Asker: 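Structure incoming, see below.
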Amino acid sequence: MCRIPTTGDSDRYTVLKAIGLQRTGKQDEAFTLAQEVATLEPTDDNSLQALTILYREMHRPELVTKLYEAAVKKVPLSEEYHSHLFMAYARVGEYKKMQQAGMALYKIVPKNPYYFWSVMSLVMQAISAQDEKLSQTMFLPLAERMVEKMVKEEKIEAEAEVQLYFMILERLGKCVEALEVIRGPLGEKLTSELQSRESKCMMLYQRLQRWPECNALAHKLLLKNPDDWQFYPSYFDSLFHLMDQSWSPPEDGEHCSEGSVHHTVAEVVRFVEERIKGEEGKESRSLRGPFLARLELMHRLRERGCSEESMLGEPLELMVQFFGKFGDKPCCITDLKIYLHLLSPDQHVQFINRLSEAVPLGEQGDEGFAFPDDTKALQRHLCVCQLSRALGLHHALDVEGKLRLITELKAHYRHGLKFGKTALKTELQFSDMYCLMAAHVYTDLWKETDENMVWQALGVLQEGLSHSPSNAQFKLLLLLLYCHLGAFEPVVDLYSSLDAKHVQHDTIGFLLTRYAESLGQFSAASQSCNFSLRFFHSNQKDTSEYIIQAYKYGAFEKIPEFIALRNRLNQSLHFAQVRTERMLLDLFLEADIVLSLEESVKAMSLSAEEDDIPWDNMRDNRDLTVFTSWDPKERELTEEHRRQSLEEESVWLRIRSLTLRLLASLASLGHSPSQQNSENSNENGVADKTSIINSLLTQLNQTLQTGAQLAEKHVQYPFLGPPSTRLASALSSGSCQCQAAAFQLSVHLQELETVGLDESSELQTQICNTFKSLVVQLQEILNKCKGDLLEMNESKLKTQPSLLENLIFFVETMCIAMWMASNCAKILRPLKTSLQKKKKKKKDANTALPAVVCGFQELTGSLQDLLAQSVEHIKGQETSITALKLASLSLEGFPQDEASFMKAAMDKVQSSYLRSLQEVGDLLKKRAETIKNLKI
């Protein structure tokens with residue numbers, strides 16, 4: 001016999017069915033079933049857990065709170081349901097209710113963690129409060145009193161509770177009280193992190209400007225561990241503050257509560273020199289800290305113009321000594337690079353020569369180069385090469401000198417491969433950086449001479465990648481070079497192989513999304529946007545889970561960090577860009593092809609009135625130093641470059657966002673029958689919609705003016721810095737101006753719909769003139785696409801990727817012009833029908849069509865002609881690129897292996913261009929089909 005299901009079983013089966021419906025895309029049915037069960041207010045754990053899973057998948061966490069609120073009312077003494085309710089509130093950020101739920105839980109089960117959940121929720125109310133005064137006068141003082149109560153009752157048990165107390169005092173600015181806590185018995189509980197108490201004391205001393213204590217504590221900690229770099233800056237900072245205050249120690253007793261203070265440069269120099277002597281006397285390997293501290297102190301003394309700098313010695317000798325001790329470590333270059341400014345320009349060559357003498361190399365081979373015999377010698381030689389580049393010695397060479405340098409770097413790279421013969425595929429080769437540097441020098445030559453150098457750069461990087469498949473720097477530079485050549489096809493695989501994790505989709509995703517659509521690879525562009533959007537959309541859910549785990553395990557200090565991460569990602573520039581570009585891309589590919597523009601806009605829940613981009617709180621999270629670079633300071637990315645790049649990105653994003661909202665407003669423009677009486681137009685919302693489009697057009701024109709001023713500056717970023725936006729090329733192609741004119745035309749058409757055809761001859765003439773102007777502008781954009789994208793000339797391959805970018809601008813502008821024409825047809829059809837009926841009634845023999853109707857017919861004919869021209873141009877390009885016999889390119893003077901890698905790179909570019917042209921051609925053919933429906 002089968003068991004008769006109980007009510008609880010029945011509920012559970014219903015929810016499981018709802019989960020099945022949700023996962024098969026039947027969201028509405030799933031929601032209806034779920035609500036049937038939820039209204040019964042179940043209290044069995046299985047039903048509650050199943051509903052929680054379902055609501056999470058529906059992205060409706062607020063419904064989980066209602067479930068457990070009902071459950072807690074029915075079972076008021078359940079610790080489990082109360083804790084589930086608390087976590088449900090945590091998911092939706094209901095901090096006040098979390099505080100109340102935490103206290104209710106503590107009253108049922110008086111455990112410390114529950115009490116401190118409530119305290120932390122008070123702190124979160126303070127952090128999230130709009131009114132800072134409210135935080136400082138109500139939430140934080142209340143949280144402080146709650147903790148003090150536990151301290152007085154001696155109920156503080158865990159380190160997390162002390163951390164929370166410290167956080168509250170710190171946010172209240174009570175540094176003295178916080179210091180007493182850290183130095184008192186409660187501070188002894190801070191054991192999870194190494195030197196946690198000392199680090200917190202140091203921070204508080206600095207905030208309180210207690211420089212003697214800061215100095216003495218740093219000095220004491222450095223005696224214990226001379227390699228602990230975090231305390232050297234505090235030690236030096238405190239010295240200079242004491243000097244500025246003319247501080248002197250008291251005549252009797254201790255200098256301060258932390259011990260003796262070093263308040264003169266001589267004492268600090270002596271202390272650093274003693275640490276160095278201690279290292280030199282050791283049999284084991286020396287620590288870098290004291291040697292770096294000497295260079296850091298010299299740098300700071302020079303900054304202040306202190307004559308005591310000479311007490312430390314000559315910077316050249318100190319750096320040569322540092323190289324002698326640590327030159328075989330990969331970190332040597334990063335250690336020394338930041339202190340190269342201590343050398344005078346006339347010492348640069350001498351410095352490199354002195355370092356070269358300290359590099360043990362073998363006998364010269366047939367190629368005229370001496371090679372290292374082991375990996376330590378290789379690392380020393382590599383470091384000398386890196387320092388030479390950082391001093392600008394590579395850049396100062398003429399073309400012949402650079403080519404000789406490349407030959408040497410490649411020879412060292414290939415020689416060094418023998419040391420990594422047994423390396424795993426996931427391991428890097430010891431000599432990889434020679435290969436990367438050779439590619440950098442090729443890139444310098446490409447910018448200075450001809451395009452042939454870029455093929456050699458690609459060839460050497462592809463060779464490097466064949467030996468070191470996991471080298472991220474090879475992949476990143478290859479990705480950048482292919483994008484600059486307008487070839488996006490190989491880039492997708494390169495980016496995928498980087499295996500970007502979590503926040504990297506925000507920090508390096510721009511490398512991919514900047515070029516995806518603009519190079520005509522529409523399907524790859526969708527994929528690129530999805531990479532990033534998947535991460536951003538899961539961020540909200542994931543962050544809630546991190547917060548819940550932090551509460552469970554008492555990691556209270558991490559909770560504000562998780563909230564800050566969530567805000568940082570929600571306000572990300574890249575997130576706003578990807579979201580906007582993805583919606584525009586979907587419209588260009590599908591609107592009026594798969595669905596109508598109106599249906600497409602509705603499916604996206606796109607609103608012309610709402611701007612959901614946080615312009616005032618925009619965060620630029622891009623990692624602009626992701627590329628390894630050894631360029632000298634004058635060629636590096638500056639703060640001014642960063643500022644200009646962010647400004648340019650923001651202006652371009654604003655243009656794209658306004659374009660998207662204008663398309664939404666175009667889709668929503670009145671499709672009601674023509675209104676002869678303008679009084680009625682407001683009732684139909686037409687006037688409101690027209691005012692929205694006018695407001696957006698004003699904003700667009702203002703933004704275009706700002707963009708034009710930016711473009712006139714011709715800002716050049718370092719090659720390895722941020723990529724320029726499409727702004728300058730969009731303005732020079734004329735596409736932005738043409739799109740704005742198309743949108744303006746839709747406003748005039750609304751006026752025509754209101755006035756009618758009888759009394760609008762002037763307006764019709766104006767509209768007809770705009771039709772003609774629009775066609776002329778589109779023809780000019782198309783003309784800027786003409787030319788050979790890829791050509792072979794005198795055994796050299798030449799690319800013109802700007803032609804491809806202009807072609808995409810033409811496609812985008814043509815789409816907008818056609819949507820405007822479609823809107824025009826919808827307005828003119830009823831107007832024309834109405835006019836014909838009137839003429840029949842009046843028995844008017846005049847069969848002449850209104851000027852605007854004739855103008856519209858000319859417009860559609862011209863658009864068809866432009867589409868035919870563009871499709872023909874693409875066919876011609878496809879034919880000429882396919883006909884190029886790259887195999888016949890003579891790459892004389894290159895070894896066979898090198899030539900094969902170069903040809904492979906050329907093949908990838910050729911294939912990518914053909915793919916781009918095919919995708920663009922297919923889209924234009926689809927558009928050509930839709931224009932046939934624009935008859936009135």
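By convention here, the first residue in the shown sequence is residue 1. Since the structure is predicted, the reported quantities are computational estimates derived from the model, not experimental observations.
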Asker: Heavy atoms only: give me the nearest Phe31-Leu63 pair and the separation to one decimal.
Answerer: CE1-CD1, 3.6 Å
Asker: Mind checking whether His537 and Phe575 have parallel, tilted or perpendicular rings, split at 30° and 60°?
Answerer: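 Rings of His537 and Phe575: perpendicular, over 60°.
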Asker: For Leu519, does its backbone N or O pair with a side-chain atom of Ser916 as donor and acceptor, under 3.5 Å?
Answerer: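 Looks like yes, one N/O pair under 3.5 Å.
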Asker: Does the side chain of Gln99 come under 3.5 Å of the side chain of Gln125 through a donor N or O and an acceptor N or O?
Answerer: yes
Asker: Could you tell me whether the side chains of Tyr546 and Glu561 share a donor-acceptor contact shorter than 3.5 Å?
Answerer: no
Asker: Are side-chain N/O atoms of Glu62 and Thr65 paired as donor and acceptor at under 3.5 Å?
Answerer: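 Side chains of Glu62 and Thr65: no pair found under 3.5 Å.
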Asker: Mind checking whether Tyr81 and His84 have parallel, tilted or perpendicular rings, split at 30° and 60°?
Answerer: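 Because their plane-to-plane angle lies in the 30° to 60° range, the rings of Tyr81 and His84 count as tilted.
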Asker: Less than 4.0 Å between a side-chain N and a carboxylate O, is that true for Lys26 and Asp28?
Answerer: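 No, no charged N to carboxylate O under 4.0 Å.
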Asker: With the side chain counted from C-beta on, respond yes when Ile693 and Ser746 share a heavy-atom pair under 4.5 Å apart, and no when they do not.
Answerer: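 They are in side-chain contact.
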Asker: Under 3.5 Å, is there a donor-acceptor pair between the Asn530 and Arg582 side chains?
Answerer: yes
Asker: How far does OG of Ser538 sit from NE2 of His505, to the nearest 0.5 angstrom?
Answerer: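 The NE2 atom of His505 is 8.5 Å from OG of Ser538, to the nearest 0.5 Å.
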Asker: Between Ser691 and Asn694, do the side chains contain a donor N or O and an acceptor N or O under 3.5 Å apart?
Answerer: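 The criterion, which ignores hydrogens and geometry beyond distance, is not satisfied for Ser691 and Asn694.
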Asker: On the 0 to 90° scale, with breaks at 30° and 60°, tag the Phe535-His502 ring pair as parallel, tilted or perpendicular.
Answerer: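 Rings of Phe535 and His502: perpendicular, over 60°.
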Asker: Testing Gln27, Arg23, Gln22 one by one against Glu57 for a side chain to side chain donor-acceptor pair (under 3.5 Å), which residue passes?
Answerer: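 The passing option is Arg23.
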Asker: Is any NZ, NE, NH1 or NH2 atom of the basic residue among Arg726 and Glu812 found under 4.0 Å from an Asp or Glu carboxylate oxygen of the other?
Answerer: yes
Asker: Is it true that the side chains of Thr930 and Asp592 contain a donor and an acceptor less than 3.5 Å apart?
Answerer: no
Asker: Within a strict 4.5 Å, meaning less than it, do heavy atoms of the Thr52 and Tyr68 side chains meet?
Answerer: yes
Asker: Taking the side chain from Ser544 and the backbone from Arg91, do they hold a donor-acceptor pair closer than 3.5 Å?
Answerer: yes
Asker: Evaluate the criterion salt bridge (Lys or Arg N to Asp or Glu O under 4.0 Å) for residue pair Lys111 and Glu161; output intermediate values, then yes/no.
Answerer: CA-CA 12 Å; Lys111 292 179 183 175; Glu161 295 157 14; over 6 Å; no
Asker: If we ignore angles and hydrogens, is there a donor and acceptor under 3.5 Å between the side chains of Glu649 and Thr725?
Answerer: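 No.
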Asker: Pairing donors with acceptors under 3.5 angstrom, does anything connect the side chains of Gln521 and Glu919?
Answerer: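 Absent: no donor and acceptor within the cut-off.
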Asker: Taking the six-membered ring for Trp and the single ring otherwise, decide whether the centroids of Tyr106 and Tyr115 are under 6.0 Å apart.
Answerer: yes
Asker: Side-chain contact test, heavy atoms from C-beta onward, threshold under 4.5 Å: evaluate it for Leu696 versus Gln699 and give yes or no.
Answerer: yes
Asker: Report the relative orientation of the aromatic rings in Tyr551 and Phe86; use parallel for angles under 30°, tilted for 30 to 60°, perpendicular for over 60°.
Answerer: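 Perpendicular, since the angle between the ring planes exceeds 60°.
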Asker: Looking at CG of Leu51 and CD of Gln49, how far apart are the two atoms once the value is rounded to the nearest 0.5 Å?
Answerer: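 The distance works out to 10.0 Å.
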Asker: Without swapping roles, check the side chain of Lys475 against the backbone of Tyr495 for a donor-acceptor pair under 3.5 Å.
Answerer: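 Here the side-chain-to-backbone pair does not exist.
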Asker: State whether the side chain of Ser532 and the backbone N or O of Cys529 hold a donor-acceptor pair below 3.5 Å, judged by distance alone.
Answerer: no
Asker: Looking at Ile508, is its backbone amide N or carbonyl O close enough to the side chain of His574 to form a donor-acceptor pair, meaning the two atoms are under 3.5 Å apart?
Answerer: no
Asker: Rounded to the nearest 0.5 Å, what separates atom CG in Leu573 from atom CG in Leu653?
Answerer: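 Nearest 0.5 Å value for the CG-CG distance: 6.5 Å.
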Asker: Donor-acceptor pair, Thr703 side chain versus Ile655 backbone, under 3.5 Å?
Answerer: no
Asker: Ignoring hydrogens and geometry, is there a side-chain-to-backbone donor-acceptor pair from Trp819 to Leu597 under 3.5 Å?
Answerer: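 The answer is no, because no donor-acceptor pair under 3.5 Å joins these two groups.
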Asker: Ignoring hydrogens and angles, tell me if any N or O in the side chain of Ser496 forms a donor-acceptor pair with the backbone of Val492 under 3.5 Å.
Answerer: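 Confirmed, Ser496 side chain pairs with Val492 backbone.
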Asker: Do Arg622's NZ or CZ and the ring of Phe510 fall within the cation-pi criteria of under 6.0 Å and 45°?
Answerer: yes
Asker: Picking from Glu94, Glu69, Lys97, Lys96, what satisfies side chain to side chain donor-acceptor pair (under 3.5 Å) with Tyr89?
Answerer: Glu69
Asker: Do Ser600 and Glu590 pair up side chain to side chain, a donor and an acceptor below 3.5 Å, judged on atom types alone?
Answerer: no
Asker: Assess whether a salt bridge exists between Arg579 and Asp612, defined as any Lys/Arg side-chain N lying under 4.0 Å from an Asp/Glu carboxylate O.
Answerer: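 Salt bridge between Arg579 and Asp612, a charged N being under 4.0 Å from a carboxylate O: yes.
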Asker: How about Ser607 and Glu609: does a side-chain donor come under 3.5 Å of a side-chain acceptor?
Answerer: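 A donor-acceptor contact under 3.5 Å links the two side chains.
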Asker: Quick one: pull up CD in Gln35 and CG in Leu40 and give me the separation to the nearest 0.5 Å.
Answerer: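 Gln35 CD to Leu40 CG: 11.0 Å, rounded to 0.5 Å.
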Asker: Donor-acceptor pair, distance only, cut-off 3.5 Å: does the side chain of Glu599 make one with the backbone of Ser596?
Answerer: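 Such a contact is found between Glu599 side chain and Ser596 backbone.
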Asker: Leu142 versus Met138: any side-chain heavy-atom pair under 4.5 Å?
Answerer: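 Result no, sub-4.5 Å side-chain heavy-atom pair not found.
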Asker: Taking Arg654's backbone N and O only, do any of them form a donor-acceptor pair with Ser657's side chain (distance below 3.5 Å, no angle check)?
Answerer: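 No, the answer is negative, given that no donor and acceptor are paired below the 3.5 Å cut-off.
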Asker: Between Asn570 and Phe536, does the side-chain contact (heavy atoms from CB on, under 4.5 Å) criterion hold? Intermediate values first, please.
Answerer: CA-CA 8 Å; Asn570 287 341; Phe536 284 115; over 6 Å; no
Asker: Enter the distance from Asp45:CG to Glu80:CD here, rounded to the nearest 0.5 Å.
Answerer: 4.5 Å
Asker: If I take atom OG from residue Ser695 and atom CG from residue Leu700, how far apart are they, to the nearest 0.5 angstrom?
Answerer: 11.0 Å
Asker: Salt bridge or not between Glu929 and Arg927? Use side-chain N to carboxylate O under 4.0 Å.
Answerer: no
